[in-house]
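Below is one structure; the comments refer to it alone.
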Amino acid sequence: MNWKIVFIGGVVYYVTFFVLSMVGGHFIHGPEGMLGAVYREFASFWRPELNMDPPDMMALMKMWVPIGLLSSFLLAGVYSVIRSSLTGGAVLRGVKFGVIGWVFALVAAMGYWGVFNLPNKIWFWWLAEGAYMHLIAGAVLGW
């Protein structure tokens, strides 16, 4: 395992995801976004901080940042182990890894889809957002 990739790549992966979440967050998750009305309809599913008016995002950052960093370090660690089996240049290998990451996210979401009674619209937008975020963050990680 390449620890430089794990820690530096993990931070880069996390920062890329964070920036992309800010870009797409308003369009997808904001009050007037694609899921705003659906989120309000299913308010009992979300953390209390998200049901406040306005939502208390800073309270959630205490949880989201450490979890996001840990997740990014784990993903970068996996990438450091399998990158030599991916063909192409560095960015293309990263994109391929992004596809792999998204497929694992898809499989996990499909399992939860059968458990949580949330509208298909939520699952669609979560998975669509995950696709572009994993592809771009993977490309950045590969670079």
Side-chain angles (χ1 to χ4, degrees), residues 1-51 55-143:
M1 183 170 309
N2 184 325
W3 293 102
K4 182 178 171 184
I5 292 175
V6 171
F7 291 110
I8 296 172
V11 169
V12 168
Y13 204 88
Y14 173 78
V15 168
T16 304
F17 248 79
F18 188 84
V19 169
L20 292 171
S21 74
M22 295 296 114
V23 171
H26 180 73
F27 171 72
I28 296 171
H29 307 288
E32 303 306 318
M34 299 304 295
L35 296 176
V38 179
Y39 285 161
R40 286 187 296 278
E41 184 178 346
F42 289 83
S44 64
F45 277 87
W46 319 128
R47 293 188 172 274
E49 297 89 346
L50 291 171
N51 285 317
D56 188 357
M57 305 306 271
M58 290 311 294
L60 292 170
M61 289 295 173
K62 295 175 192 173
M63 177 179 46
W64 288 349
V65 171
I67 289 172
L69 281 169
L70 177 61
S71 299
S72 295
F73 293 146
L74 291 170
L75 284 166
V78 171
Y79 177 72
S80 79
V81 172
I82 71 167
R83 72 184 173 125
S84 62
S85 66
L86 301 171
T87 59
V91 172
L92 181 58
R93 285 194 317 260
V95 169
K96 289 178 179 180
F97 179 72
V99 170
I100 292 167
W102 181 76
V103 168
F104 276 99
L106 172 64
V107 169
M110 289 168 66
Y112 290 124
W113 203 329
V115 174
F116 295 109
N117 188 23
L118 294 171
N120 289 342
K121 184 176 184 177
I122 288 178
W123 297 105
F124 170 81
W125 281 104
W126 284 356
L127 291 168
E129 180 182 41
Y132 83 80
M133 291 173 77
H134 276 288
L135 291 174
I136 294 170
V140 173
L141 175 62
W143 171 76

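This chain uses plain numbering: 1 for the first residue, then up along the sequence. Below, each value reflects all heavy atoms present in this structure, side chains not excepted, and no hydrogens, waters or symmetry copies.
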Only distances under 3.5 Å count here; give the side-chain donor-acceptor pairs of residues 95-117 to other protein atoms, sequence neighbours excluded, each with its distance to 0.1 Å.
unit_1, atom_1, unit_2, atom_2, d
Lys96, NZ, Thr87, O, 3.1
Lys96, NZ, Thr87, OG1, 2.7
Trp102, NE1, Leu127, O, 2.9
Trp113, NE1, Asn120, OD1, 2.9

Start with the C-alpha distance between Trp64 and Tyr14, add both sets of side-chain angles, then the distance that settles ring-ring contact (aromatic ring centres under 6.0 Å, His included), and finish with yes or no.
CA-CA 11 Å; Trp64 288 349; Tyr14 173 78; over 10 Å; no

Supply the atom-to-atom distance Met34 CE to His26 NE2, rounded to the nearest 0.5 angstrom.
12.5 Å

Out of curiosity, Tyr13 OH to Leu74 CG, how far, rounded to the nearest 0.5 Å?
11.5 Å

What is the distance from atom CD1 of Ile8 to atom CZ of Phe73, rounded to the nearest 0.5 Å?
10.5 Å

What one should report as the nearest heavy-atom pair of Gly24 and Tyr132 is CA-OH, 3.4 Å

Which heavy atom of Phe17 sits nearest a heavy atom of Ala137, and at what distance?
CD1-CB, 3.5 Å

Taking ring pair (Phe, Tyr, Trp, His ring centres under 6.0 Å) as the definition, give me every residue that meets it alongside Trp143, ordered by chain and number, with sequence neighbours left out.
none

Donor-acceptor contact present, side-chain Asn51 to main-chain Ala43, <3.5 Å:
yes

Is it the case that more than 12 heavy atoms not belonging to Phe42 sit under 6.0 Å from its CZ atom?
yes

Nearest 0.5 angstrom please: Ser80 OG to Trp3 CH2, how far?
8.0 Å

Taken to the nearest 0.5 Å, the spacing of Leu50 CG from Leu60 CG works out to 5.0 Å

Testing the basics here: between Leu118 and Trp123, what is the closest heavy-atom pair and its distance to 0.1 Å?
O-NE1, 3.4 Å

Do Arg40 and Pro31 make a side-chain contact, defined as non-hydrogen atoms from C-beta onward lying under 4.5 Å apart?
yes

Determine the minimum heavy-atom distance between Ser84 and Val81, stating which atoms define it.
OG-O, 4.3 Å

Grab the two heavy atoms, one from Pro119 and one from Val38, that are nearest each other, plus how far apart they are.
CG-CG1, 3.6 Å

Taking the side chain as every heavy atom from C-beta outward, state whether Val6 and Tyr79 have any atom pair closer than 4.5 Å.
no

Residues Ala76 and Gly10: closest non-hydrogen pair is CB-N, 3.6 Å

Is the shortest side-chain heavy-atom distance between Asp56 and Met58 below 4.5 Å?
yes

Look up atom CG in Asn2 and atom CZ in Arg83, then write down how far apart they are to the nearest 0.5 Å.
5.5 Å

Can any side-chain N or O of Arg93 pair as donor or acceptor with the backbone N or O of Ile82 at less than 3.5 Å?
no

Could you tell me how the ring of Tyr39 sits relative to the ring of Trp126: parallel (under 30°), tilted (30 to 60°) or perpendicular (over 60°)?
tilted

